[in-house]
Amino acid sequence: EPSPTYEVTEKGKAQTAKIDGTSLDLEVDSDDFDDLEDVDMDLLDEANQNGDRGNETLTFSINNGDKERSEARKKRTFVPILKQERIMRKLIHKLVLFSMICHGAIRNRWCGDRRLLDMLKKTVSAEIASLFHQDNADVLSVVKAKRFVDGLRKLLTVFSRKFKVTSPGIQRRDWSSTGNTTEEKDRIMSFERFMKCVKTFHGSRDVGAQAFVAVLRSMGVNARLVFSVQVPDYRSIRPVKDGSNQKGEKENPIRETNKPKSEFDPVENPNYPVFWIEVWNKYSRKWITVDPIVFKVVEVMPMRRKCKFDAPAAEESHQTWYVIAYDERNVIKDVTRRYTQFYNAKTVKKRIGFASDEDAHWYSRVLRSIGKQKGSISQAEAMELKEFHDRHVCEGTPNNMADFKNHPVYALEPQLRQDEIIYPNDETSKCGTFRSSNKSSIMPVYKRSCVHKLKTPKAWHMSGRVLKVGAQPLKTKKAHILLYAEFQTELYIPPPIIDGKITKNAYGNVEIFRPTMVPENGVLLKITRDVSMKMLENAARWVLNIDYAKAIVSFEFGKALKNKRAPTAKEGGILIDAQYKEAMLAVLDGLREQEEQEKREAVELNALRSWNFFMKKLQIVSRLDRSHGKVTHSGEDADIPLEKEEIHKEDEEEEDEEGYFKKSEASEEGGFLLEDTKNEDLAINVSTEGMMD
DNA sequence: CTGCTTTATAAGACTTTGAGTAAC
DNA sequence: CGTTACTCTTTGTCTTATAAAGCA
């Protein structure tokens with residue numbers, strides 16, 4: 001908003017602007033004309049009549065009624081963030097995710113440090129420790145399992161009494177606070193400091209959970225450090241609120257780390273743990289979740305009920321989207337499934353990689369690269385896989401319509417995209433019914449696997465597929481656009497190359513949109529940074545004299561201008577018979593070499609010409625010296641500036657000719673050079689070889 | 001209070017093989 | 001005379017995701 005050039009005082013619903021007539025300097029730009037419509041002429045007249053300084057002061061009012069309303073409307077309407085900001089958010093999301101997973105891995109390594117574990121060994125009473133390793137054969141494993149859990153409970157009680165929490169630890173930040181670089185009062189944690197914290201049983205909530213892991217591991221219990229990574233929502237396109245931003249900064253949750261409170265304030269402190277522990281109960285073969293800090297519980301996560309570690313969607317300070325478990329061997333496992341009731345319906349939609357395979361791959365690579373590679377699947381891992389599968393099945397259908405959208409397992413017909421269809425549309429594709437809470441109507445629930453994406457035959461061709469014989473369109477759009485599903489198509493097999501003869505289309509080229517579209521016996525030589533289409537064609541046509549075809553790899557769409565400009569085919573290389581591949585590569589190498597050689601020679605030639613030019617200048621100077629005597633700089637002769645000017649003039653000429661010295665001109669206005677020396681010395685211009693040495 | 005509908009906006013998907021002119 | 005490089009145009013439509021207010 002440009003600042004107004006006039007003084008404005010608010011007065012109820014109307015604004016009164018006073019403008020000093022003498023110093024009036026009002027620039028009206030086009031936007032301001034909107035405001036002119038709102039000028040109340042009556043008020044203006046009135047103001048003029050009782051103007052305090054006569055004609056010099058002009059007072060008028062702007063009726064703000066309409067403007068206010070439109071601004072209110074503007075405030076109501078939501079303007080999403082722009083593309084660049086979306087990209088930035090996604091990048092930050094990934095960056096935080098990656099660094100947090102690394103952070104967890106580092107802490108986990110600390111929790112398994114030999115020195116630390118040796119030190120902690122003595123801290124647990126033998127009575128409790130004995131419950132984790134029961135080797136009496138006559139006791140049922142059910143009983144052992146119960147005793148194991150009892151041991152955990154007792155340990156938790158002791159530990160949570162002993163451990164002093166001094167700060168809340170890691171907390172989630174959304175977009176309104178990610179930009180704040182308020183200095184963290186938490187000192188940078190070193191391993192030495194961590195050791196000290198664990199030894200003296202004090203630190204943040206996070207350190208508390210980590211210390212508990214270390215205590216368990218010191219007794220030889222298989223314990224995992226679990227980290228619920230807190231990331232901002234990259235799917236959010238809501239702009240950062242302006243008004244609440246300053247307010248938000250004031251009540252920034254970071255502030256409280258400056259002054260740790262003795263007791264947790266439920267408003268300012270998180271109600272959900274970020275770090276907790278999973279313990280493998282070898283007697284019941286289940287992972288037991290232990291939180292000694294926030295919930296102070298020891299339990300097996302429920303199957304169908306809400307999980308207490310999972311915050312509601314409205315909770316800004318905590319979201320359960322990525323739960324990472326680190327075991328004693330530093331193997332990383334994503335265990336989010338265990339802690340979210342509606343993983344398929346809600347959680348996956350917040351995770352990176354939900355809408356992009358590339359990002360999904362990125363995430364799995366992050367997990368693989370940070371964690372240690374596990375060898376064969378252990379019994380615990382097999383049990384866990386089964387557990388996750390059971391949880392997946394148990395989740396069932398969403399309980400509201402919105403959650404069916406893009407649900408990985410289920411689909412509702414009214415939510416399908418325009419180019420999607422359910423096939424087969426019969427009892428085999430239905431797997432239940434859904435009643436919207438608002439409507440009485442009941443609609444069938446379909447399996448997502450029965451939802452097929454449709455394309456036109458041309459679009460399928462672009463993906464390297466052709467319609468099977470006799471395929472009937474599953475849908476017709478706009479009367480003439482026939483749409484087919486992938487299962488109605490098959491891979492396009494181009495005609496093979498026989499005897500080096502390449503089958504071309506009506507445009508004299510071949511379409512190779514996919515690698516599968518390269519014909520048998522064919523090789524696609526692609527255009528690269530230093531191999532141009534011209535070089536490829538030269539090599540095939542003039543050097544090897546073989547049959548080839550330009551390959552169209554995609555289309556470029558400059559905006560179609562009313563039948564005038566259609567999409568243009570993009571040439572990506574040439575197609576040749578595979579038998580000539582080696583020969584072509586060799587020729588291309590040669591051509592590239594030759595091109596580079598030519599480039600080098602051009603540079604050389606240019607350099608030599610510059611040298612020639614420079615030499616000639618020297619000759620001129622020396623001739624002038626010879627015929628007019630040496631000019632000394634100390635003498636401050638009037639000749640000096642003159643001579644300088646002369647040289648400058650020639651410099652300019654050189655620039656005009658783009659670095660190439662114009663021989664004819666130089667000799668024409670030469671004047672300074674004597675005929676004989678000119679011919680002698682200019683000879684080097686031609687003999688380049690001698691010069692290079 | 002919850003969840004659906006309506007109404008905003010930005011952006012993506014979709015499309016699927018030039019012509020005329022100046023310079024070399 | 002044949003070949004090559006460059007510049008036109010500037011926004012088409014339809015669909016989707018997301019958010020927030022309104023409403024039942």
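Every chain is numbered from 1, with letters handed out A, B, ... down the list of sequences. Please read these numbers as outputs of a predicted model, since none were measured by experiment.
- The backbone N or O of A/Ile527 lies less than 3.5 Å from no partner atom in the side chain of A/Glu571, so there is not a single donor-acceptor pair.
- Not one N or O on the side chain of A/Gln488 forms a donor-acceptor pair closer than 3.5 Å with the backbone of A/Pro473.
- Shortest non-hydrogen contact noted between A/Val96 and A/Gln230 is CG1-O, 3.7 Å.
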Output, in order, the C-alpha distance, side-chain angles, deciding distance and verdict of side-chain contact (heavy atoms from CB on, under 4.5 Å) for A/Tyr272 and A/Thr320. CA-CA 10 Å; A/Tyr272 299 90; A/Thr320 309; over 6 Å; no
Intra- and interstrand pairs of DNA chain C - dot-bracket, Watson-Crick/G-U under 3.5 Å, | marks other strand: .|||||||...|||||||||||||
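- Atom CG in A/Leu483 sits about 14 Å away from atom C1' in B/dA13, given to the nearest Å.
- Taking atom CD1 on A/Ile512 and atom P on B/dT17, their separation rounds to 17 Å, with Å as the unit.
- Within the nucleic acid shown, A/Asp233 has no heavy atom closer than 4.0 Å to any nucleic acid atom.
- Between the P atom of B/dA10 and the CD1 atom of A/Ile81 lies a distance of 12 Å, rounded to the nearest Å.
- Nearest-nucleotide positions on DNA chain B place A/Leu82 closer to the 5' end than the other of A/Leu82 and A/Ala569.
- Comparing C/dA17, B/dT9, B/dT16 against the side chain of A/Pro80 picks out B/dT9 as the nearest.
- Side-chain proximity of A/Met462 to B/dT16, B/dG3, B/dT17: nearest is B/dT16.
- Regarding contacts with the backbone of C/dT15, every side-chain N or O of A/Arg417 stays at 4.0 angstrom or more from both OP1 and OP2.
- When each of B/dT15, B/dA11, C/dT16 is scored by its nearest atom to the side-chain atoms of A/Gln418, the top-ranked nucleotide is C/dT16.
- At least one side-chain nitrogen or oxygen of A/Ser236 sits closer than 4.0 Å to the OP1 or OP2 atom of C/dA19.
- Distances shown here put every side-chain N or O of A/Asn399 at or beyond 4.0 Å from the OP1 or OP2 atom of B/dT2.
- Residue A/Met401 contributes atom CE, which lies 14 Å from atom P of B/dG3 at whole-angstrom precision.
- Rounded to whole angstrom, the span from the NZ atom of A/Lys477 across to the P atom of B/dC14 amounts to 9 Å.
- With P as the reference atom, B/dC14 and C/dC8 are 31 Å apart, rounded to whole Å.
- Taking the side chain of A/Ile237 as heavy atoms from C-beta on, and the options C/dT18, B/dT16, B/dG3, the nearest nucleotide is C/dT18.
- Taking a centre distance below 5.5 Å and an interplanar angle below 30 degrees as the stacking criterion, A/Tyr507 stacks against the six-membered base ring of B/dT17.
- Between A/Lys405 and C/dA17 there is a side-chain polar atom (N or O) within less than 4.0 angstrom of OP1 or OP2.
- Applying the 4.0 Å criterion to OP1 and OP2 of C/dT18, one finds that A/Arg238 has every side-chain N and O outside that range.
- Annotation: C/dG12 and B/dG18 have their P atoms spaced 22 Å apart (nearest Å).
- The minimum heavy-atom distance linking A/Val231 with A/Arg172 is given by the pair O-NE, 2.9 Å.
- Atom pair A/Tyr492:OH and B/dT16:P shows a separation of 18 Å (rounding to whole Å applied).
- Comparing C/dA20, B/dT17, B/dC4 by their closest approach to the side chain of A/Phe78 singles out C/dA20.
- Using P as the reference atom, B/dT15 and C/dT9 are 27 Å apart when rounded to the nearest Å.
- Listed here is the closest heavy atom pair of A/Pro80 and A/Arg86: CB-NH2, 3.8 Å.
- Counting to the nearest Å, the C1' atom of C/dA17 and the NZ atom of A/Lys90 are 14 Å from each other.
- When the P atom is used for both C/dT11 and B/dT17, the distance is 24 Å, rounded to whole Å.
- Among the atoms of the strands shown, none is found under 4.0 Å from any heavy atom of A/Ser554.
- Between A/Tyr410 and A/Tyr446, the distance from one ring center to the other does not fall under 6.0 angstrom.
- Here B/dT2 presents its C1' atom at 13 Å from CG of A/Asp403, a figure rounded to the nearest Å.
- For A/Lys83, counting side-chain heavy atoms from C-beta on, the closest listed nucleotide (B/dA10, B/dT17, B/dA11) is B/dA11.
- Here A/Tyr492 and A/His461 bring their ring centres to under 6.0 angstrom of each other.
- Donor-acceptor pairing under 3.5 Å, judged by distance alone, is present between the side chain of A/Asn505 and the base of B/dT17.
- Proximity note for A/Ala402 (side chain, C-beta onward) versus B/dC4, C/dA19, B/dG18: the nearest is B/dC4.
- Neither side chain, A/Asn271 nor A/His318, offers a donor N or O lying under 3.5 Å from an acceptor on the other.
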